[in-house]
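Here is the structure we will look at.
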Protein chains: 2
Amino acid sequence: MSKKTTIYDLAKRLGISPATVSRSLNDHPSISGKTKKKVLEAAKETGYRINKFASNLSLQKSNTIGVIVPRLNSDFMSTVLSGIETIANNAGYNLVISQSLEQEEKEKFNTKTLFESGVDALLVSLANETMNYDHFSIFTDRKIPLLFFDRVIDLPNCPTIIIDNEAAGYQATEHLIQQGCKHIIHVSSGLNRSVYKLRYAGYRKALKENENNFRERVIQVDNFSPPEAKKVIDFIKTSVHPIDGIFVSSDSLAVYIIKELRSNGYQVPNDIKVVGFNNDPVAQVITPELSTIEYPGYKMGKLAGQSILSHLSGSINIETADQIILKHRLIIRESSQK
Amino acid sequence: MSKKTTIYDLAKRLGISPATVSRSLNDHPSISGKTKKKVLEAAKETGYRINKFASNLSLQKSNTIGVIVPRLNSDFMSTVLSGIETIANNAGYNLVISQSLEQEEKEKFNTKTLFESGVDALLVSLANETMNYDHFSIFTDRKIPLLFFDRVIDLPNCPTIIIDNEAAGYQATEHLIQQGCKHIIHVSSGLNRSVYKLRYAGYRKALKENENNFRERVIQVDNFSPPEAKKVIDFIKTSVHPIDGIFVSSDSLAVYIIKELRSNGYQVPNDIKVVGFNNDPVAQVITPELSTIEYPGYKMGKLAGQSILSHLSGSINIETADQIILKHRLIIRESSQK
DNA sequence: ATGAAAGCGCTAACAT
DNA sequence: ATGTTAGCGCTTTCAT
């Protein structure tokens with residue numbers, strides 16, 4: 001029961017060759033139905049299990065896709081992963097998932113590890129820290145499909161899946177302006193990542209177009225955890241101009257900010273209006289409900305999976321670097337209404 | 001640059017044997033320092049990368065740990081996964097993660113797939129649907145380490161990591177009773193899973209101990225999504241006894257229920273008090289803040305990782321089935337206060 | 001300290 | 001339709 005049976009065992013048992021066994025197991029067309037049946041039965045009886053190590057070595061492929069994300073435990077990211085997993089799983093691929101924890105070093109290490117472990121493709125959402133992209137060359141050099149999603153970088157022949165972050169940032173800010181906000185600040189993190197840089201650009205663009213005495217002001221936070229919200233409040237309290245609008249690059253932080261604001265005596269949206277980003281589930285359950293940009297994470301994950309699978313199956317020309325831009329949407333709730 | 005170099009290439013290049021190259025690369029003690037240095041240099045120059053397929057086949061191990069969870073996109077689960085990943089990554093292990101989506105069939109399939117892909121160990125949190133556990137025998141038969149966390153089942157020689165769910169359910173309910181609740185209902189899902197069954201048992205025990213005319217009543221929901229909250233409200237509205245306390249097996253659902261309650265004119269906690277489960281971040285940002293049971297997900301993940309690694313390294317007797325019970329804690333916030 | 005060679009188990013090109 | 005056989009690249013026992 002515990003001794004593992006190989007195709008050689010099956011071959012001997014049935015008096016046929018290992019090749020025939022292998023072919024039968026793989027449903028090769030040129031094997032007779034009766035032989036296949038015999039083999040399958042023997043396999044079941046003996047508890048035969050394919051040895052992927054050997055199979056992978058022979059085929060030089062692993063049916064495995066690597067994924068590197070900044071962190072697993074964010075609502076958005078785990079939703080994207082869920083989408084990727086669903087697609088991969090249905091196609092018979094396994095997912096090897098690792099976290100960079102926003103560190104360039106860890107991202108490098110994970111890239112190397114995943115390469116060596118022989119993943120057939122790699123999906124990456126970049127760490128905030130990452131400034132250099134040479135570590136991905138082991139993939140690009142060997143033409144192993146590499147795709148970036150959400151936190152992307154433009155590399156030759158690497159598809160990207162994003163939303164139009166600049167437009168989203170613009171809309172969020174424009175909305176606040178239309179609600180009468182005069183002094184709108186932007187709260188973000190990792191401004192060297194294009195996602196955040198572009199939202200910031202959209203914010204600035206909106207301010208500029210509605211020329212008056214608006215002052216552009218971005219508060220950079222280290223991450224989207226509760227203590228960072230305090231920094232924002234401190235700024236607001238000491239600002240010479242009365243802040244009346246906040247566009248935050250993350251719902252989770254926006255929510256903490258609102259909480260902090262309220263416990264500091266500010267009324268949301270009366271005194272200060274807030275727009276977040278992502279449309280995390282939390283946006284709908286807090287008081288006041290949070291206006292935000294809907295960012296379709298599950299769909300992004302599914303598309304990332306599908307895109308990489310079609311590259312793997314060769315149904316898309318791998319030389320064609322594509323860029324998929326998903327639709328986003330401003331959702332107006334209570335937190336930003338006049 | 002694109003042609004892959006093997007240990008044979010290095011051996012030829014340096015005029016030594018492949019065995020020596022292999023040993024050098026693995027820092028084998030009986031290789032001279034100079035030879036090692038030569039090899040490492042040549043490896044670097046040629047861009048040599050180990051081929052794990054071959055290595056795995058030879059060693060019959062993959063440095064990979066499989067994980068099956070009900071779903072990736074829950075705050076609790078992604079936090080646990082984050083803990084597992086951190087430990088595994090530091091120990092040089094990769095994580096293959098898959099979702100059962102609460103379906104027994106998918107769990108079976110994933111178990112088989114992960115087995116065949118040669119994971120060195122398997123970590124599982126069971127699907128709600130799963131009633132039969134034979135699919136895990138491929139692991140237990142071959143003494144491949146198998147560990148259950150959160151949603152566990154008692155299998156021979158399989159460690160489990162849990163909290164004392166019965167005590168937690170008891171405390172939550174007892175607390176509501178002490179706050180003056182007379183008609184407390186319990187909302188849960190997947191009552192055939194011990195996690196939920198035990199919380200329910202704790203709930204019943206608390207009611208029984210505080211003998212009076214309390215009626216035990218459990219509302220089973222299909223999952224913890226918003227629409228399910230409506231079912232709960234419907235029950236409350238039509239109940240002959242005025243419901244004044246709710247113990248919910250999940251913060252995410254508790255939060256939706258509170259929202260529904262409020263929009264139906266109920267005051268929380270004045271009319272109805274609510275206690276959730278897990279201490280998701282959302283518990284602290286909603287209004288009123290949610291009382292809940294703190295369930296240390298990250299710690300659970302780290303422990304699961306550590307436990308399985310020590311089994312793998314043989315530093316723990318694999319025959320010793322251990323059960324780790326993590327501390328939980330009732331956190332009293334506004335939603336349940338008199 | 002190093003080398004020779006036999007696996008590890010599967011696949012596929014090339015027979016038959 | 002089936003068999004033969006040469007890899008796939010690394011590890012490791014057994015020499016030397």
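As the structure is a prediction and not an experimental result, all values here were calculated from the model. Below, chains carry the letters A, B, ... as their sequence lines are ordered, and counting in each starts from 1.
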Which of the following nucleotides, [options], is nearest to the side chain of [X]?
{"X": "A/Thr20", "options": "D/dC10, C/dT11, D/dG3", "value": "D/dG3"}
{"X": "A/Ser58", "options": "D/dG7, C/dT2, D/dC10", "value": "D/dG7"}
{"X": "A/Ala54", "options": "C/dA4, C/dC10, D/dT11", "value": "C/dC10"}
{"X": "B/Tyr8", "options": "D/dC10, C/dG3, C/dC10", "value": "D/dC10"}
{"X": "A/Ala19", "options": "D/dT5, C/dT2, C/dG9", "value": "D/dT5"}

Short side-chain N/O contact to [N] OP1/OP2 from [X], under 4.0 Å:
{"X": "B/Ser17", "N": "C/dT2", "result": "no"}
{"X": "A/Gln60", "N": "D/dG9", "result": "yes"}
{"X": "B/Ser22", "N": "D/dC10", "result": "no"}
{"X": "A/Thr35", "N": "D/dT2", "result": "yes"}
{"X": "B/Ser32", "N": "C/dT2", "result": "yes"}
{"X": "A/Ser55", "N": "C/dG9", "result": "no"}
{"X": "A/Asn56", "N": "C/dC10", "result": "no"}

### Message
Here's a test of your reading of the structure: between B/Lys36 and A/Phe53, which maps to the more 5' nucleotide of DNA chain C?
### Response
B/Lys36
Provide, to the nearest angstrom, the distance between the [atom1] atom belonging to [X] and the [atom2] atom belonging to [N].
{"X": "A/His28", "N": "D/dA1", "atom1": "NE2", "atom2": "C1'", "answer": "9 Å"}
{"X": "A/Asn51", "N": "C/dG9", "atom1": "CG", "atom2": "P", "answer": "6 Å"}
{"X": "B/Asn63", "N": "D/dT11", "atom1": "CG", "atom2": "P", "answer": "12 Å"}
{"X": "A/Lys12", "N": "D/dT4", "atom1": "NZ", "atom2": "C1'", "answer": "16 Å"}
{"X": "B/Ile31", "N": "D/dT12", "atom1": "CD1", "atom2": "P", "answer": "13 Å"}
{"X": "B/Ile7", "N": "D/dG9", "atom1": "CD1", "atom2": "C1'", "answer": "6 Å"}
{"X": "B/Leu10", "N": "C/dT2", "atom1": "CG", "atom2": "C1'", "answer": "16 Å"}

### side chain to side chain donor-acceptor pair (under 3.5 Å) between A/Glu129 and A/Gln103, worked out
CA-CA 5 Å; A/Glu129 254 194 19; A/Gln103 299 163 33; over 6 Å; no
### Modelled atom types, side-chain donor and acceptor of A/Asp120 and A/Asn63, under 3.5 Å
no
### Query
Among side-chain atoms of A/Thr35 and A/Ser32, is any donor-acceptor pair under 3.5 angstrom?
yes
Touch class at under 4.0 angstrom, heavy-atom based, for [X] against every strand present:
{"X": "B/Ser30", "result": "base"}
{"X": "B/Ile16", "result": "sugar-phosphate"}
{"X": "A/Leu59", "result": "sugar-phosphate"}

#### Entry: Centroid-centroid distance, B/Phe115 to B/Phe139, less than 6.0 Å
yes
### Message
B/Phe136 vs B/Leu155, test: side-chain contact (heavy atoms from CB on, under 4.5 Å). Steps then yes/no.
### Response
CA-CA 9 Å; B/Phe136 294 118; B/Leu155 249 42; 4.2 Å; yes
### Task
Could you tell me whether the side chain of A/Arg23 reaches within less than 4.5 Å of the side chain of A/Lys36, counting heavy atoms only?
no
### Task
Could you check B/Arg23 against B/Ile50 and say which one's nearest nucleotide on DNA chain D is further toward the 5' end?
B/Ile50
